[in-house]
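We count residues from 1, following the sequence as given. Side chains are part of it too, since the values below use all heavy atoms of this structure and drop only hydrogens, waters and symmetry mates.
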Amino acid sequence: MESEATDTGGNHCYDCLQRRIAADFSDRLFFRYGLSDSALPFASKSVVQIDLNNKSNINDSSAQLVLIESANGDGIPSLSPIARSGPASYAAVEPIVGEFLSGSVEDAVVSSLNLLIEGKPSGSDGPDFLRLIGLPEEEAAADGPRRVRHPNIVPVLAVLDAKGHSNLLHPKPPFTLENVLNYSPKALKSDWHIRFLIYQMISAISHVHDLGLSHGNICPSELFLSDSCWVWLSIPSYQLKKPNFCGTSNCVLRVLYADLKLLRSNDWRVCFKRWWAGELSNYEYLLLLNKLAGRRWGDHTFHIVMPWVIDFTVKPDEGSDAGWRDLSKSKWRLAKGDEQLDFTYSTSEVPHHVSDECLSELAVCSYKARRLPLSVLRSAVRSVYEPNEYPSSMQRLYQWTPDECIPEFYSDPLVFESIHPGMSDLAIPNWAGSPEEFVKLHREALESDRVSREIHHWIDITFGYKLSGLASVEAKNVFLPSSDHTVLKSSGWRQLFTRPHPVRRGFALDASCLEEFEEADKFCEHARYLSPHYRYRDPVADVSTAEILREQPKCEAVEKSDQVLPVLSHVDLSCLLECMEAEEECSLGFQELLLWRQKSRGSFSEGFAEDVFSMGCVIAELYLRRPLFDSVSLAAYRDKGILPGMVEKLPPQVALLVKEAIQKEWRRRPSAKYLLESPFFPSTVRSVYLFLAPLHLLAKNGSHLQYAARLASAGALKAMGIFATEIAPHKISASAASVLLIGSSEELGGLLGENFIVRHLLPLLRSIVLSCIEVSHMDKPEPFHSCNALALIDSFLTLDGLVSLLPKEAILKELIQDQICIPVRVLLQTRIDLPVIQVAATTLVTVCQRIGPDFTASHVLPQLRELFDELAFSQEETLKPGSLGRNLKVSRVKFDEAESHIESRMDLVLLLYPFFASLIGIEKLRQCCTTWFLLEQYLQRVHSWKWEYTGESSKSVSYDKDQRPGYGKISASEYNPAKLLLNGVDTTSVEQTIKA
């Protein structure tokens, strides 16, 4: 155990942070990496992981959490009433995380809503929640304590106290708004989606202000997003400015960073000028560029990248060219060679030179192999640990890798020392006597005049203009583009500069370097957006949020009480549907916004007004795709009232809203609640928000399913318009499936119309089926596959009914596109239950009848060839029904009500072959099916079926009807798993096994 160290508060280096977490919770709470606000590796927040099943799967993101070390936990109970409190220990964390993973943390709230919808006594949680998300005050309990969490506030699961500090624990969100703006801005599909996002943000801020609190740090990095763009606002920081060094007094790494001059503010403009003039080191400036590009210390998937500057063959000597790396070429280019890269570019379907990250997870973990746990190495490098396969020296490491370097090789002597038996220390060159000396000499090489004169080339390749356009082709630096730009990403390429980076000057200016100074100044002006500002006033140094909050007037809602809220009987299903009713979409009138502005009510607290200003900046950035204010433009606005010119590039309605929010006089800025009520938001935004908010609580899937299904069956989809399913919270979850499948197909068609079905239902149903096929190949316990089979049956029953309502073109595009006929894809699976196979086959028959013989022959039969070949050569006569028939009594009963069910895959021959012979003709069928002779022999031998010619071209099919089993078509009204689940049948297994 380390000797106890005294703290100076605030941040800690990652090693100290890891030791503090181990001291508070034990090593079983696995430290993954820190979350630093600055470019240096000091943080009070970290990503940790808990392994409840002892599987050591470090890539299981479901168990990843964010741990925040705070001076105190004041304000958390009101912001996140679900938070548990107590002393810090692993024993305290384990049940809390277990509840979170099982979905029981907020299940009582959704269950209360379900009871409320049914008109049964529901308790106070449901009405409390409805009030939080905007139900009119007269419709829900207006007074009393707030006992539920607002769905757009990050759910703090626990506040656990340790000596001298508190530990806040919340789920790790997959993305931040900063990620989306930097790496996947096209994921914000439309203006409506952006307004829906803004509505969530303002709703969260309004709630924080209702509690009498101000946030104080609203910016894209503090706005978290789920896979479906659901927003969580971070918990307000409890210290606005923390020291930029390790707060542990006896930390050995303090010396390494003692001479660094990098500012905590991450102001690129200031740092660039200091670096250009030689006042800031290359190391520090490169760290800042990494921070601006979104790269993260300790995150092996997106680690801080540094250039290799020497090849380690000889001791670096500025007077000699030997051993120095060419910084005008990427390490990938140096390793692969121009000839190979030219060949790759010219022969690839998508022209590119580089197919991987400039610093991959494999490379980072190989570099740091001596210090990383074996579980990490087995996951990232190789599943079988073999220490002799890791490069043994710096020179071999440099020769082996096509990737760039890491900062630890310039700063941390410990990275060379192995903690694993059997793995030797990483050998340093013979011209260095110790790791400490090597780090010193390596760092001096990075700071040398030679590297300083060339480093701008490496910056152009890694962060600058040589990442795109003709310059990237000439530099052989064209990266393989992402396959889908609309998918949210937490990492990726961010091109910081679009012009060549200036050469470092590095000494005092005189009259002879005026031209260079002007060039650097123009470059600085060009890249001002790298220094964003989201606050009108500067944060107060070293003042805690709690101190600022004492100046804020408190709202009545902050008072705590144990009183149980009365539940109003008139809050029921009809009330909810009325609130969800959306008017016909039309263009919002600019005059309405002008009238709203004239009536605008100002903020009654400067702290609240500061949050509104920040929100206005974020809204503008969502549309402009770059920050509204930088240090220069903000100073001009403060001093002279000059708005940034980019405001005029905003759509008129957006510009009006932003101008209101960023007014100089803070008393004139509208309150967050008044912004929320503005005509800027169409009625569909509010109605969809009301419907989706409960689906984002930390509740069980069964509860989500019942809530969504009841509202959908009562007409909520029609009331909300076309956007509800598009922003459904889970790609394939019980909730989303029930929203789509709860009604019969005829009801869906009449309710939603052809356009809605084609644009939204068919693509999502197609995605559900394909995802279920993937799940069927997984090694999961039996109830999981039974629920998966239920989802497939539900999907095909719905498709079967929808097909008759849709044009042929839509069916071809969505169900048979890209040579993937959805029913055929399922029929080819040998591990799927026979009841699913039967429903898929009957759906295929319906689809082919709808599209007709020509499209069937050209699009469907070629995909069936593999199935017919399998059946023709199969020796299978009878197979037992699959697990669905054995384990789900509901399924067996319902299928027995039909005429019969298939007993083996061979029954597909009788179900499909005669049908296709009748539909397209026996000759066409035989042309498409090379094994027709074997199939017809089987049909005649087992089922007494044969094809007969009667005269001219007419055809008839002969059956022995006494031997032929009947295959009844199962209708959605007879069998609908979603309806069964809605009525409480077997929901327990669904809750336990279906995971979104």
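Atom CG of Asn179 is separated from atom OG of Ser491 by 8.0 Å, given to the nearest 0.5 angstrom. To the nearest 0.5 Å, atom CD of residue Glu178 and atom SG of residue Cys219 are 7.5 Å apart. A distance of 12.0 Å separates CG in Leu289 from CD in Glu284, rounded to the nearest 0.5 Å. The distance from the CG atom of Asp403 to the CH2 atom of Trp332 is 7.0 Å, given to the nearest 0.5 Å. Note that CG of Leu634 is 11.0 Å distant from CZ of Arg535, once rounded to the nearest 0.5 Å. With rounding to the nearest 0.5 angstrom, the SG atom of Cys358 is 9.0 Å from the CG atom of Asn477.
Not one N or O on the side chain of Lys336 forms a donor-acceptor pair closer than 3.5 Å with the backbone of Val354. In this structure, Ser633 contributes its side chain and Pro644 its backbone to no donor-acceptor pair below 3.5 Å.
Closest approach of Ser184 to Val487, counting heavy atoms only: CB-O, 3.2 Å. Of all the heavy atoms in Trp297 and Leu40, the pair that sits closest is NE1-C, 3.8 Å. Across Cys229 and Leu188, no two heavy atoms sit closer than the pair SG-CD2, 4.4 Å. Residue Leu377 comes nearest to Cys365 through the heavy atom pair CD2-O, 3.6 Å, listed as atom of the first residue, atom of the second, then distance. Taking each heavy atom of Ser46 and Leu17 in turn, the nearest pair found is CB-CD2, 3.9 Å. When all heavy atoms of Cys405 and Leu359 are compared, the pair lying nearest together is O-CD2, 3.9 Å.
Ion pairing of Glu357 with Arg295 is present here, as a side-chain N (NZ or NE/NH1/NH2) and a carboxylate O approach within less than 4.0 Å. Note on Glu516 versus Arg505: salt bridge recorded, some NZ/NE/NH1/NH2 to OD/OE distance being below 4.0 Å. Under the 4.0 Å criterion applied to side-chain N and carboxylate O atoms, Glu417 and Arg370 are not assigned as salt-bridge partners. Under a 4.0 Å N-O distance rule, the pair Glu444/Lys440 qualifies as a salt bridge.
For the pair Pro391 and Tyr367, the minimum side-chain heavy-atom distance is 4.5 Å or more. Val415 is listed as a side-chain neighbour of Lys368, based on a closest heavy-atom distance under 4.5 Å. Proximity of Leu288 to Leu280: side-chain heavy atoms (C-beta onward) are nowhere separated by under 4.5 Å. Looking only at side-chain heavy atoms (C-beta outward), Val305 and Ile406 stay at 4.5 Å or farther from each other. Looking at Gln395 and Asp311, their side chains never come closer than 4.5 Å, going by heavy atoms from C-beta outward. Residues Lys664 and Arg638 have side chains not in contact (no heavy-atom distance under 4.5 Å, counting atoms from C-beta outward).
Counting only residues at least two apart or in different chains, side-chain hydrogen bond (donor to acceptor under 3.5 Å, both in side chains) contacts with residues 450-459 comprise Asn282-Ser452, Asp321-Arg450, Glu404-Trp458, Ser452-Arg504. Residues in residues 339-349 take part in these side-chain hydrogen bond (donor to acceptor under 3.5 Å, both in side chains) pairs, two or more places apart or across chains: Asp342-Lys476.
Under the rule for a salt bridge (charged side-chain N to carboxylate O under 4.0 Å, His left out), Arg494 has no partner lying at least two apart in sequence or in another chain. For Phe343, there are no ring-ring contact (aromatic ring centres under 6.0 Å, His included) partners two or more places apart in sequence or in a different chain. For the side chain to side chain donor-acceptor pair (under 3.5 Å) test, residues two or more places apart in sequence or in another chain that qualify with Asp326 are Ser328. Not counting sequence neighbours, the partners of Asp338 by the side chain to side chain donor-acceptor pair (under 3.5 Å) test are Arg333.
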query: Passes ring pair (Phe, Tyr, Trp, His ring centres under 6.0 Å), Trp308 versus Tyr410? Steps please.
result: CA-CA 10 Å; Trp308 296 104; Tyr410 292 102; 7.9 Å; no
- request: May I have the step-by-step check of side chain to side chain contact (heavy atoms under 4.5 Å, CB included) for Trp431 and Leu441, ending in yes or no?
  value: CA-CA 10 Å; Trp431 40 262; Leu441 294 173; 3.8 Å; yes
query: Under the side chain to side chain contact (heavy atoms under 4.5 Å, CB included) criterion, do Phe175 and Phe224 qualify, and how do the steps go?
result: CA-CA 6 Å; Phe175 312 102; Phe224 307 139; over 6 Å; no
- request: Step by step, work out the side chain to side chain donor-acceptor pair (under 3.5 Å) result for Asp630 and Ser531.
  value: CA-CA 5 Å; Asp630 55 70; Ser531 304; over 6 Å; no
field: Full working for ring pair (Phe, Tyr, Trp, His ring centres under 6.0 Å) between Phe629 and Phe613
entry: CA-CA 11 Å; Phe629 285 108; Phe613 180 91; 5.6 Å; yes
Test side chain to side chain contact (heavy atoms under 4.5 Å, CB included) applied to Leu426 and Tyr390, step by step: CA-CA 9 Å; Leu426 185 61; Tyr390 291 83; over 6 Å; no
query: For Asp299 and Arg32, what are the C-alpha separation, side-chain angles and deciding distance, and is it a side chain to side chain contact (heavy atoms under 4.5 Å, CB included)?
result: CA-CA 7 Å; Asp299 183 352; Arg32 290 185 65 98; over 6 Å; no
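For the pair Arg296 and Phe302, the cation does not sit on the ring face, since its NZ or CZ is not both under 6.0 Å from the ring centre and inside 45° of the axis. A cation-pi arrangement is present between Lys331 and Tyr398 under the rule of less than 6.0 angstrom and at most 45 degrees off the ring axis.
His501 pairs in a ring pair (Phe, Tyr, Trp, His ring centres under 6.0 Å) with only one of the listed residues (Tyr465, Phe463, Tyr285), which is Tyr285. Only one option out of Phe497, Trp275, Trp276 pairs with Trp268 in a ring pair (Phe, Tyr, Trp, His ring centres under 6.0 Å); it is Phe497. Checked options Leu197, Leu177, Val180; the residue passing with Leu223 is Leu177 (criterion: side chain to side chain contact (heavy atoms under 4.5 Å, CB included)).
Applying the 6.0 Å contact sphere to NZ of Lys522 captures no more than 12 heavy atoms from other residues, nucleotides or ligands. Atom CZ of Arg625 sits in a crowded spot, with more than 12 heavy atoms from other residues, nucleotides or ligands closer than 6.0 Å.
Counted by atom type alone, Tyr534 and Asn217 present zero donor-acceptor pairs between their side chains at under 3.5 Å. A donor and an acceptor atom, one from each side chain of Thr498 and His526, are located under 3.5 Å apart. No hydrogens or angles considered: nothing links the side chains of His215 and Ser614 as a donor-acceptor pair under 3.5 Å. Donor-acceptor pairing under 3.5 Å is lacking for the side chains of Glu437 and His442.
Checked against the 6.0 Å centroid criterion, the rings of Phe438 and Phe409 do not qualify as a close aromatic pair. When ring centroids are compared, Trp493 and Phe479 come within the 6.0 Å threshold. Phe272 has its ring centre less than 6.0 Å from the ring centre of Phe523.
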